[in-house]
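Lettering follows sequence order; numbering is per chain, from 1. Computed over heavy atoms, backbone and side chain alike; hydrogens, waters and symmetry mates excluded.
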Number of protein chains: 2
Amino acid sequence: MDEVGRDQGRDDVTEAFDDVVRLMIRHLADHGSLTFTAIMCLGRLYRDGPTRLTELAAVEGSSQPSTSQLVQRLERQGLVVRVRDPQDGRASLIALSDAGRTLVANRLRDRRDRLAELLATLSPEDDASLRLAMNVARPIIQRLIETARRSDKQARS
Amino acid sequence: MDEVGRDQGRDDVTEAFDDVVRLMIRHLADHGSLTFTAIMCLGRLYRDGPTRLTELAAVEGSSQPSTSQLVQRLERQGLVVRVRDPQDGRASLIALSDAGRTLVANRLRDRRDRLAELLATLSPEDDASLRLAMNVARPIIQRLIETARRSDKQARS
DNA sequence: CCATTTATATCACGAGTTTATGTAAAATTT
DNA sequence: AAATTTTACATAAACTCGTGATATAAATGG
């Protein structure tokens with residue numbers, strides 16, 4: 001469009017991130033009957049361990065009612081269990097069931113396998129470049145996530 | 001079960017991509033009353049221009065009925081318009097309205113701005129590293145998307 | 001003991017998904 | 001040309017998922 005587009009067109013992290021999102025969402029989804037939301041929730045529990053419903057909603061950036069219903073569905077499917085806190089009659093900890101844990105682990109492996117297949121179609125140079133680039137990028141991205149999370153939390157209060 | 005924590009030092013493009021997805025979906029969403037699905041659809045039309053409904057569904061990896069309803073909603077909101085093809089009475093081309101195009105352009109700018117704010121919290125070294133890494137990664141990722149799209153298409157036939 | 005806060009649930013509703021099916025126009029067959 | 005099939009899209013039914021508003025029930029603090 002204008003001259004700004006020239007600078008940003010060559011060096012645009014946003015565009016690259018958008019591409020990643022499209023690749024992951026569109027082509028590496030394979031949510032075998034599971035929704036993106038459900039996957040994200042289970043993945044969160046897998047990484048963070050048992051979590052209170054309200055906190056789960058907060059870290060997933062979703063509303064409490066939405067999370068409440070999601071947990072109920074996942075409970076019906078036998079993927080999570082509730083542990084009522086004896087110290088606090090209101091609260092309950094949401095945790096992965098064995099089935100849930102297995103499912104997440106399998107999914108993670110499947111995703112890795114599928115991405116590996118895709119990476120195998122690249123030239124050895126491209127494959128190496130991408131791996132190197134993403135290994136450089138990852139810790140920095142994680143710092144961005146941390147920063148974003150903090151500013152989200154602040155904006156919410 | 002196994003040590004997820006040890007993945008940190010490992011070479012795992014999947015994990016890095018997952019981080020990107022979480023960052024973009026969770027923290028850079030700001031879908032001002034617009035859904036992720038709607039955003040994706042409008043973005044597609046912005047990039048590809050007027051598209052038939054069926055093809056739109058295909059490239060977005062969504063069903064035809066789902067896309068049909070989505071387009072109806074977007075039409076109601078004045079973001080897309082239909083142009084019935086005089087050559088083919090069955091088909092209609094879906095295109096962005098002026099309002100839709102403006103909205104997508106603004107959103108893109110906002111996303112860039114917000115990401116720029118986040119990047120500004122990084123050290124100059126990290127910022128430069130991330131930009132460099134993503135500029136290396138992007139064309140390779142685009143090749144992956146192309147490959148994935150072709151194999152998706154083949155699997156569907 | 002009563003009021004407030006906190007944790008979760010429920011309700012109403014719209015968006016978005018799927019599969020199955022309907023409709024109408026184009027293409028093909030005979 | 002008429003009948004059939006295919007193609008492009010719409011509709012229906014049933015579910016997940018999101019929201020805000022509100023209910024319930026337990027902890028907390030006067």
Side-chain angles (χ1 to χ4, degrees), chain A residues 25-26 29-45 50-95 103 152-153 156-157, chain B residues 25-27 29-45 50-95 103 153 156-157:
Chain A
I25 301 289
R26 276 276 297 107
D30 185 35
H31 26 261
S33 80
L34 276 183
T35 316
F36 180 70
T37 310
I39 297 292
M40 292 292 276
C41 176
L42 295 174
R44 174 67 63 177
L45 292 174
T51 312
R52 285 198 175 187
L53 197 145
T54 306
E55 200 198 328
L56 190 57
V59 295
E60 283 297 302
S62 184
S63 71
Q64 174 267 313
S66 175
T67 306
S68 191
Q69 292 189 31
L70 173 60
V71 167
Q72 286 173 28
R73 282 190 296 271
L74 294 175
E75 208 178 1
R76 250 182 268 136
Q77 295 177 269
L79 297 175
V80 306
V81 291
R82 268 170 219 266
V83 186
R84 294 208 80 84
D85 188 341
Q87 312 302 315
D88 187 337
R90 302 164 299 176
S92 54
L93 286 176
I94 318 299
L103 186 144
D152 278 9
K153 189 168 286 182
R156 220 172 288 259
S157 61
Chain B
I25 302 289
R26 277 274 298 106
H27 303 288
D30 186 34
H31 27 259
S33 79
L34 276 183
T35 315
F36 180 69
T37 312
I39 297 291
M40 292 293 275
C41 176
L42 295 174
R44 174 67 64 176
L45 291 174
T51 312
R52 285 198 175 187
L53 196 146
T54 306
E55 201 198 328
L56 189 58
V59 295
E60 283 297 302
S62 184
S63 72
Q64 174 266 314
S66 175
T67 306
S68 191
Q69 293 190 33
L70 173 60
V71 167
Q72 285 173 31
R73 282 189 297 270
L74 294 175
E75 208 178 0
R76 251 182 268 136
Q77 296 177 267
L79 298 174
V80 306
V81 291
R82 270 169 217 267
V83 186
R84 295 207 79 84
D85 188 341
Q87 313 300 315
D88 187 337
R90 303 165 297 178
S92 54
L93 285 175
I94 318 298
L103 186 144
K153 190 169 286 183
R156 221 171 288 258
S157 62

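- For the OP1/OP2 pair of C/dA15 and a distance below 4.0 Å, the side-chain nitrogens and oxygens of B/Thr35 include no atom meeting the criterion.
- Contact check, A/Gln87 against D/dA26: no side-chain N or O comes under 4.0 Å of OP1 or OP2.
- When all heavy atoms of A/Leu53 and A/Gln64 are compared, the pair lying nearest together is CD2-O, 3.9 Å.
- For C/dA7, neither phosphate oxygen OP1 nor OP2 lies less than 4.0 angstrom from any side-chain nitrogen or oxygen of A/Ser92.
- Here D/dC9 presents its P atom at 12 Å from CD of B/Gln72, a figure rounded to the nearest Å.
- What separates CG of B/Leu79 from C1' of C/dA15 is a distance of 14 Å, to the nearest Å.
- Distance CZ (B/Arg52) to C1' (D/dA10): 16 Å, rounded to an integer number of Å.
- Here the CD-CG distance, from A/Glu55 to A/Leu93, works out to 9.5 Å after rounding to the nearest 0.5 Å.
- Contact annotation: A/Thr54 side-chain N/O to C/dT8 OP1/OP2 distance is under 4.0 Å.
- Using modelled atom types, one side-chain atom of B/Ser63 and one backbone atom of B/Ser66 make a donor-acceptor pair closer than 3.5 Å.
- With hydrogens and angles left out, the side chain of B/Gln64 and the base of D/dA10 share a donor-acceptor pair within 3.5 Å.
- Distance, B/Ile94 CD1 to D/dA10 P: 7 Å, rounded to whole Å.
- Using a 4.0 Å cut-off, some side-chain N or O of B/Ser62 falls inside it from OP1 or OP2 of C/dT18.
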What are the atom names and distances for every N/O pair under 3.5 Å that joins the protein to nucleotides 4-6 of chain D?
none

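- Taking only side-chain nitrogens and oxygens, B/Ser63 comes nearer than 4.0 Å to OP1 or OP2 of C/dT18.
- Both B/Asp85 and A/Pro65 lie near DNA chain C, and the one whose nearest nucleotide falls closer to the 5' end is A/Pro65.
- The separation between A/Leu53 atom CG and C/dT10 atom C1' is 13 Å, rounded to whole Å.
- Among residues two or more places apart in sequence or in another chain, the side-chain hydrogen bond (donor to acceptor under 3.5 Å, both in side chains) test is passed with B/Gln77 by none.
- A distance of 4.5 Å separates CD1 in A/Ile94 from CZ in A/Arg82, rounded to the nearest 0.5 Å.
- Straight-line distance from the CD1 atom of B/Ile25 to the C1' atom of D/dG18: 14 Å, rounded to whole Å.
- Distance check, rounded to the nearest 0.5 Å: CG of A/Leu70 to CD of A/Glu60 gives 9.0 Å.
- A side-chain contact (heavy atoms from CB on, under 4.5 Å) with B/Cys41 holds for exactly one of B/Thr35, B/Thr51, B/Leu74, B/Val80; it is B/Leu74.
- Look at A/Ser68 and you won't find any side-chain N or O under 4.0 angstrom from OP1 or OP2 of C/dT8.
- In this structure, A/Glu60 atom CD and D/dT16 atom P are separated by 19 Å, rounded to whole Å.
- Here D/dC15 presents its C1' atom at 14 Å from CG of A/Leu34, a figure rounded to the nearest Å.
- Between A/Gln69 and C/dC11, a side-chain N or O to OP1/OP2 separation shorter than 4.0 Å is absent.
- OP1 or OP2 of D/dA10 lies within a sub-4.0 Å distance of a side-chain N or O belonging to B/Arg82.
- Between B/Thr37 and C/dT17, a side-chain N or O to OP1/OP2 separation shorter than 4.0 Å is present.
- Closest to the side chain of A/Asp88, from the set C/dG16, D/dA27, C/dT17, is D/dA27.
- One finds no side-chain N or O of B/Arg73 lying less than 4.0 angstrom from the OP1 or OP2 phosphate oxygen of C/dG14.
- With sequence neighbours excluded, the residues that form a side-chain hydrogen bond (donor to acceptor under 3.5 Å, both in side chains) with A/Arg90 are A/Asp88.
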